[in-house]
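This chain uses plain numbering: 1 for the first residue, then up along the sequence.
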Amino acid sequence: MTTMHDTSGAAVVIGGGLAGLMTALALAPQPVLLLSSASLGLETSSILAQGGIAASIGPDDDASLHLADTLAAGDGLCDEAVAAAILAAAPAAIDRLLQLGVAFDRDANGNLALGLEAAHSRRRIVHAGGDASGRDIIRTLARRVYETPSITVLEATRAQRLIVEDNTVRGVVCQTERDPVAFVTDRVVIATGGIGGLFLHGTNPAGSCGQGLALAARAGAILADLEFVQFHPTALDTGSFPLKLVSEAVRGEGAILIDEQGDRFMADTPGADLAPRDVVARAVWRHMTVGHRVFLDARNLRGIDFARRFPAITSFCREAGIDPVTQPIPVRPAAHYHMGGISVDRRGRSSIAGLWACGEAACTGLHGANRLASNSLLEAAVCAGFVAQDIAGTPSMKRRTVRAPAGRIGSSDPSPVRPILSRAAGVLRDGDGLRAAARALSPLAASQQAASDPAIVALMIVTAALRREETRGAHARTDFPDQAVRATRATLRLSDALDAAQDYIADPVS
C-alpha cells in the first residue's frame, strides 16, 4: 500500500545535486521537502565536476563576450534571450556561492583564479580545489542544506511517478527504504541530472539514467533538444564504470592530443586541441575507429605544478598506474552532458502546471546544440534562483483529495538499454542504426520491466535523433553530414515517440 503524506504546501525538490541544493536554499525560509536517492550530492554529476563555473568577472571580460562564445558553441540553436539572461546573472551567482561559504581558488593577489577552457575567448572559469570544483561546492552546499531548518531532507528516496490531474501536478510517488509514499503537493521541481548512465561509456554516475525525464515524460510533459548528447573527448580510457573525466582545463593549460605514434592529429583542425567539444570528440572517435589509441600529453606543461593544479586527476591516473607528469594519459570520448531535457521557460516552468525543472534535467535553450564548457554548473546555480523566485510567487492551491496511482512500481535497471543506445546514438549516428534501436527499445519502454523508464528516455532520444536529418553541434549523422539551412529546435512528447516506434516496426526502412 502507498502511504499518502500531505506536505502542507511545501514544495518538493527532487535531486541532491547543485540545482536541487541551490533551489532548496533559495526557497528558504519557505518550507521545502528535498528528495535524494542517495546522501546529498554523492550520486550526482555535480560532485564530479572538475573545471568549475563560467562567469564573466575578469577585467577583460563581460557578459556579451560570454554570450558570443556560448552562441558560437551552440551552433545556431541557443535561445539567445534566455542565454543572455542566464549569463548576465553569472557574477551574482558566484557572489551567492561565496556568501554560502564556497572557497573558490584565488591567485597570488587574492583575486579569484580564472581558468581557460575550450571555445572560451577569455579566462573565466572559477574553480575550487584545483580540479575538485564540484566536490568542494557540493560539500559546502549540502552542509548548508542540512543546517537550514526550513528544508526537510529525505535520503534513500527515489521519485518514481508524478501524480497529475488536468495537466496539473498533485503529488509525487516515491520509493523509500521501507514503503512507497505519495507526497501530496502542487509544486514539484525536477533537478535529477543527466543521462550518461544510459551509455556503456559515460562520465556520469551509473544511476544518472534520466529518471527526471521519465517522470516528466510519463506525466505528458513536453521535452526538447533530446538528440543533443555531448560526448566529452577526454575520459580516462580504462575499464571502470563510469569513466573518470580528464578535464578540458588540462588542455586549457597546454596539454595536447596525440596517438600511439606521437602524432598530433588535431593540429590542422581550427582551434586544434581547444576546438569545441563536439569537434574534438568526433576527431578522437574517428581516429580510434581506424585502429589508433589516443592520449592526452601533459608532460610538457609550462608554469604549473600538475599535481597541485589537478590533484584529483593526478590521483585517479596514478590509481590506474599512470603518472600524468611523465606518461601520456589514455583517453576516449564518453557520454558527458545532455543539452536536451524537460522543456522549460525562463522561469523554469514546464508544460505541466506546478512542475518546474532546472539543471541538466531541464532544457532552457542556453546550450543549444553543444554546451560551452563550464556553463552547466552556471546554469544550475542561476536557474535554481529563477525557479525559487517563481515558486515563491506561486501560491499553493486549495487542498483537494488526491488518489495514489494503482499498481506497484518496481526499481529501475538501465543495463538492457546501454548497448542499444550506445550503438545507435553515440558520437556518430545514422538512420539505419537509429531505427533498429527504436524497434529494440519500443517493447522495453512499453513493458512493466525494470528497464522501462530508462528505455522510455532512450527511445525519445533515438526518435529525436531520427527526426533531425542534419549534422549540427553534438548531433552528427553520417547519412546527413551537412547542416540544414535553417536552425530549428525540436520538441517531443512520449506519445509521439511511442507512435513513431510502431511505425518503424511496421516499416523498418521508413
Visitor: Tell me, do Ile329 and Cys317 make a side-chain contact under 4.5 Å, heavy atoms counted?
Guide: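 Yes, close enough: below the 4.5 Å cut-off.
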Visitor: Can you find a pair of side-chain heavy atoms, one from Tyr337 and one from Phe231, that are under 4.5 Å apart?
Guide: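 With C-beta onward as the side chain, the pair stays apart.
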Visitor: Is the backbone of Ala312 close enough, under 3.5 Å, to the side chain of Asp131 for a donor and an acceptor to pair up by distance?
Guide: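 Checking the backbone N and O of Ala312 against the side chain of Asp131, a donor-acceptor pair under 3.5 Å is found.
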Visitor: Should the ring pair His287 and His292 be called parallel, tilted or perpendicular, given that the plane angle runs from 0 to 90° and is split at 30 and 60?
Guide: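 Ring orientation of His287 relative to His292: parallel.
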Visitor: Using the salt bridge (Lys or Arg N to Asp or Glu O under 4.0 Å) rule, take Arg123 and Asp61 through it: C-alpha gap first, then chi angles, then the decisive distance, then the call.
Guide: CA-CA 8 Å; Arg123 298 186 75 92; Asp61 202 4; over 6 Å; no
Visitor: Against His201, only a single residue in Arg418, Arg332, His336 fulfils side-chain contact (heavy atoms from CB on, under 4.5 Å); can you say which?
Guide: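 Passing option: Arg332.
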Visitor: Holding to side-chain hydrogen bond (donor to acceptor under 3.5 Å, both in side chains), I want the full list of residues that pass it with Asp60, two or more places apart in sequence or in another chain.
Guide: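 Residues passing side-chain hydrogen bond (donor to acceptor under 3.5 Å, both in side chains) with Asp60: none at all.
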Visitor: Less than 3.5 Å apart, any donor N or O on the side chain of His338 or Asp225 sitting next to an acceptor on the other?
Guide: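 No, Asp225 and His338 have no side-chain donor paired with an acceptor closer than 3.5 Å.
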Visitor: Just do the side-chain hydrogen bond (donor to acceptor under 3.5 Å, both in side chains) check on Arg218 and Ser452 with the steps written out, would you?
Guide: CA-CA 11 Å; Arg218 284 188 181 275; Ser452 178; 2.7 Å; yes
Visitor: Measure the shortest side-chain to side-chain distance between Leu366 and Asp79 over non-hydrogen atoms and say whether it is less than 4.5 angstrom.
Guide: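 No, side chains not in contact.
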Visitor: Do Leu200 and Arg423 come close enough that some side-chain heavy atom pair is under 4.5 Å?
Guide: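 Leu200 vs Arg423: side chains apart.
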Visitor: For residues 207-216, which side-chain donor-acceptor pairs fall under 3.5 Å, sequence neighbours excluded?
Guide:
{"unit_1": "Gln211", "atom_1": "OE1", "unit_2": "Arg158", "atom_2": "NH2", "d": "3.4"}
{"unit_1": "Gln211", "atom_1": "NE2", "unit_2": "Ala159", "atom_2": "O", "d": "3.3"}
{"unit_1": "Gln211", "atom_1": "NE2", "unit_2": "Asp453", "atom_2": "OD2", "d": "3.3"}

Visitor: Does Arg309 pair with Asp305 as a salt bridge, N-O distance under 4.0 Å?
Guide: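 No, this pair does not count.
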Visitor: Apply the test salt bridge (Lys or Arg N to Asp or Glu O under 4.0 Å) to residues Asp323 and Arg318: give CA-CA distance (whole Å), side-chain angles for both, the deciding distance (0.1 Å), then the verdict.
Guide: CA-CA 6 Å; Asp323 181 356; Arg318 288 177 175 167; 3.8 Å; yes
Visitor: Under 3.5 Å, side chain of Asp413 to main-chain N/O of Ser415, donor-acceptor pair present?
Guide: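 Present.
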Visitor: Just by distance, with hydrogens left out, do Thr203 and His232 show a side-chain donor and acceptor under 3.5 Å apart?
Guide: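 Their side chains do not contain a donor-acceptor pair, so the 3.5 Å distance test is not met.
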Visitor: Should Arg435 and Asp432 be marked as a salt bridge (Lys or Arg N to Asp or Glu O under 4.0 Å) after you check the CA-CA gap, both sets of side-chain angles, and the distance that decides it?
Guide: CA-CA 5 Å; Arg435 280 186 289 271; Asp432 289 343; 3.0 Å; yes
Visitor: I'd like to check Ile86 versus Cys383 (side-chain heavy atoms, cut-off strictly below 4.5 Å). Are they in contact?
Guide: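 Counting from C-beta outward, Ile86 and Cys383 do come under 4.5 Å.
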Visitor: Could you go through the side-chain hydrogen bond (donor to acceptor under 3.5 Å, both in side chains) check for Asn370 and Asp75 one step at a time?
Guide: CA-CA 7 Å; Asn370 193 40; Asp75 207 5; over 6 Å; no
Visitor: In the structure I gave you, are the side-chain heavy atoms of Phe104 and Ile137 within less than 4.5 Å of one another anywhere?
Guide: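 Yes; the side chains approach each other to less than 4.5 Å.
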Visitor: I'd like to know whether Arg264 forms a salt bridge (Lys or Arg N to Asp or Glu O under 4.0 Å) with Asp273, so could you lay out the CA-CA distance, the side-chain angles of the two residues, the decisive distance to 0.1 Å, and finally the verdict.
Guide: CA-CA 9 Å; Arg264 284 193 67 184; Asp273 303 282; 2.4 Å; yes
Visitor: Checking the side chain of Thr314 only, and the main-chain atoms of Phe310 only, is there a donor and an acceptor separated by less than 3.5 Å?
Guide: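 The answer is yes, because a donor-acceptor pair under 3.5 Å joins these two groups.
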Visitor: Show the atom names and distances, to 0.1 Å, of all donor-acceptor pairs under 3.5 Å that link a side chain in residues 462-470 to residues at least two apart or in another chain.
Guide:
{"unit_1": "Thr463", "atom_1": "OG1", "unit_2": "Leu459", "atom_2": "O", "d": "2.8"}
{"unit_1": "Arg468", "atom_1": "NE", "unit_2": "Glu227", "atom_2": "OE2", "d": "2.4"}
{"unit_1": "Arg468", "atom_1": "NH1", "unit_2": "Glu470", "atom_2": "OE2", "d": "2.6"}
{"unit_1": "Arg468", "atom_1": "NH1", "unit_2": "Thr488", "atom_2": "O", "d": "3.2"}
{"unit_1": "Arg468", "atom_1": "NH2", "unit_2": "Glu227", "atom_2": "OE2", "d": "3.3"}
{"unit_1": "Arg468", "atom_1": "NH2", "unit_2": "Thr488", "atom_2": "O", "d": "2.6"}
{"unit_1": "Glu470", "atom_1": "OE1", "unit_2": "Arg472", "atom_2": "NE", "d": "3.3"}
{"unit_1": "Glu470", "atom_1": "OE1", "unit_2": "Arg472", "atom_2": "NH2", "d": "3.2"}
{"unit_1": "Glu470", "atom_1": "OE1", "unit_2": "Ala484", "atom_2": "N", "d": "2.7"}
{"unit_1": "Glu470", "atom_1": "OE2", "unit_2": "Arg472", "atom_2": "NE", "d": "2.9"}

Visitor: Do His367 and Leu372 have side-chain heavy atoms sitting under 4.5 Å apart?
Guide: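 Result no, sub-4.5 Å side-chain heavy-atom pair not found.
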